[in-house]
Amino acid sequence: MSRYNAKTVEEKWQRIWDERETFRVDDDAAGERYYVLEMFPYPSGRIHMGHVRNYTLGDVVARYKRARGCAVLHPMGWDAFGLPAENAARERGVHPRDWTYANIAAMRTELQRMGLSLDWSRELATCHPGYYRHQQELILDLLDGGLLYRRAAEVNWDPVDETVLANEQVIDGRGWRSGALVEKRKLEQWFCRITDFNDELLEALEGLERWPDRVRNMQRNWIGRSVGARLRFALAGRDPDDGTGIEVFTTRPDTLFGASFIALAPDHPLALEVAAQDPAALAFVEECRRSSTAEAALQTQEKRGFDTGLKARHVFAGAGWAHGDLPVYIANFVLMGYGTGAIFGCPAHDQRDLDFARAYGLPVRQVVQGGDGGPGGIADEAYVDDSDAARIVNSGFLDRLTVPAAKEAVIARLEQLGCGTGAVTYRLRDWLISRQRYWGCPIPVVHCPSCGLVPVPRADLPVALPEDVQFDQPGNPLDTHPTWKHVPCPSCGTAAQRETDTCDTFVDSSWYFARFCAPRAAQPLPREIVDAWLPVDQYIGGIEHAILHLLYARFFMKALKRVGRIAVDEPFAGLFTQGMVCHETYRAAGGGWLSPDEVVRNPDGTLVAQSDGQPVTAGRSEKMSKSKRNTVDPGAIIEQYGADTARWFMLSDSPPERDLEWTEDGVAGAWRFTQRLWRLLGETLALLNAAEGGRDADGPDPDAIEDAALSGWATELRRGTHRAIASVSATVEIFHFNKAVAEIHSFANLLGGVKPAGAMAPADAAVLRRALEVLALLIGPMMPHLAEEMWAQLGHDSLLADQSWPIAEQRFLAQDQVTIGVQVAGKLRATLTVDKDQDQDSLREAALANDNVRRAIGDRAVRKVIVVPNRIINVVV
RNA sequence: GCGGGCGUGGCGGAACUGGUAGACGCGCCGGACUCAAAAUCCGGUUCUGGUGACAGAGUGUCGGUUCGACUCCGACCGCCCGCACCA
């Protein structure tokens with residue numbers, strides 16, 4: 001048998017799978033439905049190693065579940081709208097549509113070379129009118145249901161990408177794609193009412209048991225529920241009922257008697273009112289605006305404030321409050337975007353308030369004491385204990401209550417006085433979905449001067465993007481297009497204008513997984529079909545979408561359920577977040593980054609640049625990125641070694657949830673193993689051909705043969721085969737693919753060690769043949785092409801992809817003998833190989849009779865002997 | 001500051017519910033085949049001492065529980081990730 005030619009073999013099987021539509025699944029397919037999905041790619045033009053890892057993991061699951069008899073839905077599509085296409089249009093004059101579809105074609109070819117078990121008949125691209133017309137219909141649903149609305153708001157404006165961004169897309173004050181400092185602008189924008197689902201999104205996280213805790217925590221954090229009270233302080237000298245009071249939110253109403261000031265956010269309406277009359281206040285407010293949004297290092301910023309001269313009357317002024325009115329400050333550490341944009345300051349029990357009080361000489365009143373008496377006083381550190389153990393002091397009717405009890409008592413009194421109530425606040429804001437860009441799904445609405453906002457009638461969908469657009473001027477091409485936006489009002493017929501904003505692409509990806517269930521249906525989401533396939537059983541992708549995509553998609557399903565589109569409300573029952581693909585980094589003598597193929601390793605281990613022979617410093621392994629130049633092109637790897645080798649390496653070294661370091665040695669090792677399996681196949685087939693009846697695919701059932709009728713090696717091999725089945729199945733089930741790889745290595749070692757002397761009996765040959773078949777079946781999900789080729793070489797006309805997963809039989813897993821350790825005083829001194837389940841007394845005797853054990857005991861007296869059957873013996877001295 | 005994760009040979013990593021630490025792979029060392037090299041095959045490989053059988057040490061650090069701890073408990077150190085003047 002010649003050397004394994006991955007290229008021709010892989011092309012052959014890819015063609016056969018394609019011709020036979022092996023991985024196509026219909027809605028009425030037999031077997032339990034199982035939906036495997038990897039996060040669909042943005043069509044940048046080339047696949048990268050992160051994709052290879054993602055789709056390899058998904059493909060192992062898909063092929064395994066398929067072998068287990070499931071009707072597996074495993075589709076692929078394109079997250080095809082987005083800014084890079086427009087940038088390409090600006091830079092190269094190519095139409096975003098042409099650029100996108102060319103990229104899709106290139107990436108589809110690359111993906112197909114990976115040999116993924118995808119149902120390509122379901123392929124979709126979000127930029128296709130056949131997709132986004134349905135999205136427009138869903139948007140109208142949300143609009144009708146009050147879950148999409150338009151309002152003016154302070155929003156994040158990315159000056160480089162010239163569009164607004166959602167809160168989730170602003171990281172450390174910068175746009176997530178452009179990296180530009182985000183500006184605040186007051187604009188009319190479209191929002192999804194995600195905050196309507198605060199509690200639903202939060203509570204349902206509990207039920208997502210097959211999600212990583214990390215992701216659930218991140219979402220919990222992002223939603224940011226906090227429980228406390230909302231209360232209103234009247235301004236001294238003004239009518240308490242004229243609405244001029246200051247409303248604050250607090251999670252510590254129990255510390256109300258420790259209040260010593262009120263602080264307003266610089267953007268608070270009352271702060272602005274003051275600033276309108278007082279130039280000094282205005283200067284302070286403007287200063288805060290300049291520093292606050294830009295700086296990421298807010299925690300080091302000094303607490304600063306401006307005394308407005310206003311005084312607030314304490315809510316318990318007539319109910320036990322023994323001090324005067326509270327001064328009202330504008331403070332740089334209070335945020336307008338959270339709670340009510342105003343706080344009451346309790347310096348003794350909040351660090352920020354304490355810092356502020358010390359800076360402005362405000363009173364510090366301790367009202368909480370620890371169970372042990374607590375601190376004797378408050379110095380530089382606030383006392384923040386809010387546990388059951390702490391007690392309230394110096395607080396009138398609250399004295400001696402625990403913190404939780406005091407919270408309740410305060411809320412009850414506030415409600416009785418009519419100046420406050422228990423309240424819950426969330427960090428999550430409504431999702432801003434409108435973008436001032438061309439390459440996105442148009443929001444199907446018309447602005448009519450007389451009727452206002454008018455939805456485009458459903459019969460008129462899609463609102464298609466115009467083809468003839470110019471990118472030679474700044475701004476939104478839809479807005480500057482000469483004719484597109486000018487339409488009659490669908491309602492009254494007078495001249496009106498289309499909405500020129502398009503959707504955030506995260507809207508596109510919030511329901512694509514549902515559309516995959518019926519990608520060509522005339523309606524967006526045919527209920528019976530979608531409800532039958534959803535939720536996705538196993539979703540696989542990177543951790544970077546922990547909040548953005550995964551939260552939006554969850555919201556979208558819940559919203560669609562509320563408007564009656566579907567019955568399912570959690571999109572992903574199981575989520576797996578894979579680690580990143582990393583590579584060592586290299587720096588040239590001049591300091592610039594070098595790519596791995598620009599670096600040569602000398603025999604002595606030193607690194608030099610290929611170009612000039614100058615020394616190169618190797619840096620730490622980091623996520624593959626263009627900027628660090630430490631990427632490896634999957635296309636080149638597949639060309640050189642084949643897809644199976646690339647897939648095998650992706651699975652072999654690291655557990656999938658951890659980062660994987662790509663090394664040339666590692667790939668070479670995977671390649672050697674591929675070749676080794678091929679040689680193993682050839683050698684074993686030669687043995688079988690030489691044996692009587694061994695060639696026969698319809699020979700005796702190897703599992704039905706009595707042990708006595710087999711050679712010793714065949715008995716062992718049969719056991720080993722079943723052990724391999726058991727361990728690979730168990731590890732694949734729980735995503736421990738690196739362990740499955742190790743088990744397959746061991747099994748191949750066992751099989752490769754079979755060297756029968758002389759001619760083989762038919763019974764032995766049947767066992768050997770079966771072992772080889774099982775090897776092919778076990779590598780099937782991981783190295784599908786080689787597995788398929790092995791299956792064919794074993795004389796089968798059927799496809800390995802259509803075979804059932806092998807079953808491990810218990811009777812072959814049981815061991816007759818076990819090797820157990822013997823410890824003396826906890827240290828291993830000997831091992832004994834004994835019959836399984838041997839009785840304790842004879843084990844104890846055998847252990848104590850052992851020379852090594854006796855020497856280790858020496859002249860010490862044996863106090864006790866612990867015997868754990870089939871495990872260990874410990875002699876206690 | 002809050003939340004989560006991780007620390008095991010030269011390296012990636014195994015070790016089931018507390019029971020023989022280092023499976024499997026990479027690398028390295030030695031050998032076989034070869035005129036030679038590549039490829040392949042065989043053997044070795046936690047560290048220290050010993051030719052050896054063996055002995056001692058060893059899972060970030062310190063302490064505890066236990067006949068027995070990588071695993072459980074307490075305190076700490078280091079690294080990574082997410083969120084963050086969130087009231």
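Below, read A as the first sequence line, B as the second, and so on, with proteins coming before strands; counting in each chain starts at 1. Reckoned from all heavy atoms, side chains included, excluding hydrogens, waters and symmetry mates.
Here B/C85 presents its P atom at 16 Å from CE of A/Met336, a figure rounded to the nearest Å. Rounded to whole Å, the distance from CE on A/Met218 to P on B/G5 is 13 Å. Atoms CD (A/Gln219) and P (B/C2) sit 23 Å apart, rounded to a whole Å. Nucleotide B/G13 holds its P atom 9 Å from the CG atom of A/Asn738, rounded to whole Å. Rounded to whole Å, atom C1' of B/C67 lies 14 Å from atom CD of A/Gln840. Look at CG on A/Asn198: it is 14 Å from C1' on B/C86, rounded to the nearest Å. One atom, NZ of A/Lys827, and another, C1' of B/U20, lie 14 Å apart when rounded to the nearest Å.
Of all nucleotides listed (B/C81, B/C83, B/G12), B/C81 comes nearest to the side chain of A/Arg214. Here the side chain of A/Val868 is nearest to one of B/G19, B/G3, B/G13, namely B/G19.
Side-chain atoms of A/Asn167 and A/Asn156 include a donor-acceptor pair closer than 3.5 Å. Defined by atom type and a distance below 3.5 Å, a donor-acceptor pair is present between the side-chain atoms of A/Glu168 and A/Trp222. When only modelled atom types and interatomic distance are considered, A/Arg676 and A/Asn749 share a side-chain donor-acceptor pair under 3.5 Å. For the residue pair A/His583 and A/Glu664, a side-chain donor N or O sits within less than 3.5 Å of a side-chain acceptor on the partner.
Atom name P, nucleotides B/G56 and B/A21: the rounded distance is 13 Å, in whole Å. Between B/C28 and B/C83, the distance separating the two P atoms is 41 Å to the nearest Å. B/G82 and B/G64 have their C1' atoms separated by 33 Å, with the value rounded to a whole Å. Remark: the separation of the P atoms in B/U46 and B/A38 is 26 Å, to the nearest Å. Comparing the same atom, C1', in B/C24 and in B/A14 gives a spacing of 8 Å after rounding to whole Å. Using atom C1' as the reference point in both B/G19 and B/G27, the two lie 32 Å apart (nearest Å). To the nearest whole angstrom, the two C1' atoms, one in B/C26 and one in B/C81, are 28 Å apart. Separation of the P atoms belonging to B/C79 and B/C85 is 24 Å when rounded to the nearest angstrom.
Each of A/Ser226 and A/Val741 lies near RNA chain B, and the nucleotide nearest A/Val741 is the one positioned closer to the 5' end. Toward the 5' end of RNA chain B, the nearer of the two residues A/Tyr338 and A/Ser654, judged by each one's closest nucleotide, is A/Ser654.
Within 4.0 Å (heavy atoms only), A/Asp353 reaches no atom of the nucleic acid at all. Within 4.0 Å (heavy atoms only), A/Glu661 reaches no atom of the nucleic acid at all. Heavy atoms of A/Asn221 sit under 4.0 angstrom from at least one base atom. Contact annotation for A/Thr819: base contact, defined as any heavy-atom pair under 4.0 Å involving a base atom. Counting non-hydrogen atoms under 4.0 angstrom, A/Arg863 reaches nothing in the nucleic acid. Residue-level contact check: A/Asn749 touches the backbone only, with heavy atoms under 4.0 Å from sugar-phosphate atoms and none from bases. Among the heavy atoms of the strands, none lies under 4.0 Å from A/Arg220.
In B/G56 the base sits anti relative to the sugar, since the glycosidic angle is further than 90° from 0.
Contact check on A/Asp355 versus A/Arg352 returns no salt bridge, with no Lys/Arg side-chain nitrogen under 4.0 Å from an Asp/Glu carboxylate oxygen.
Rounding to the nearest 0.5 angstrom, the gap separating the CZ atom in A/Arg220 from the CG atom in A/Leu202 is 7.0 Å.
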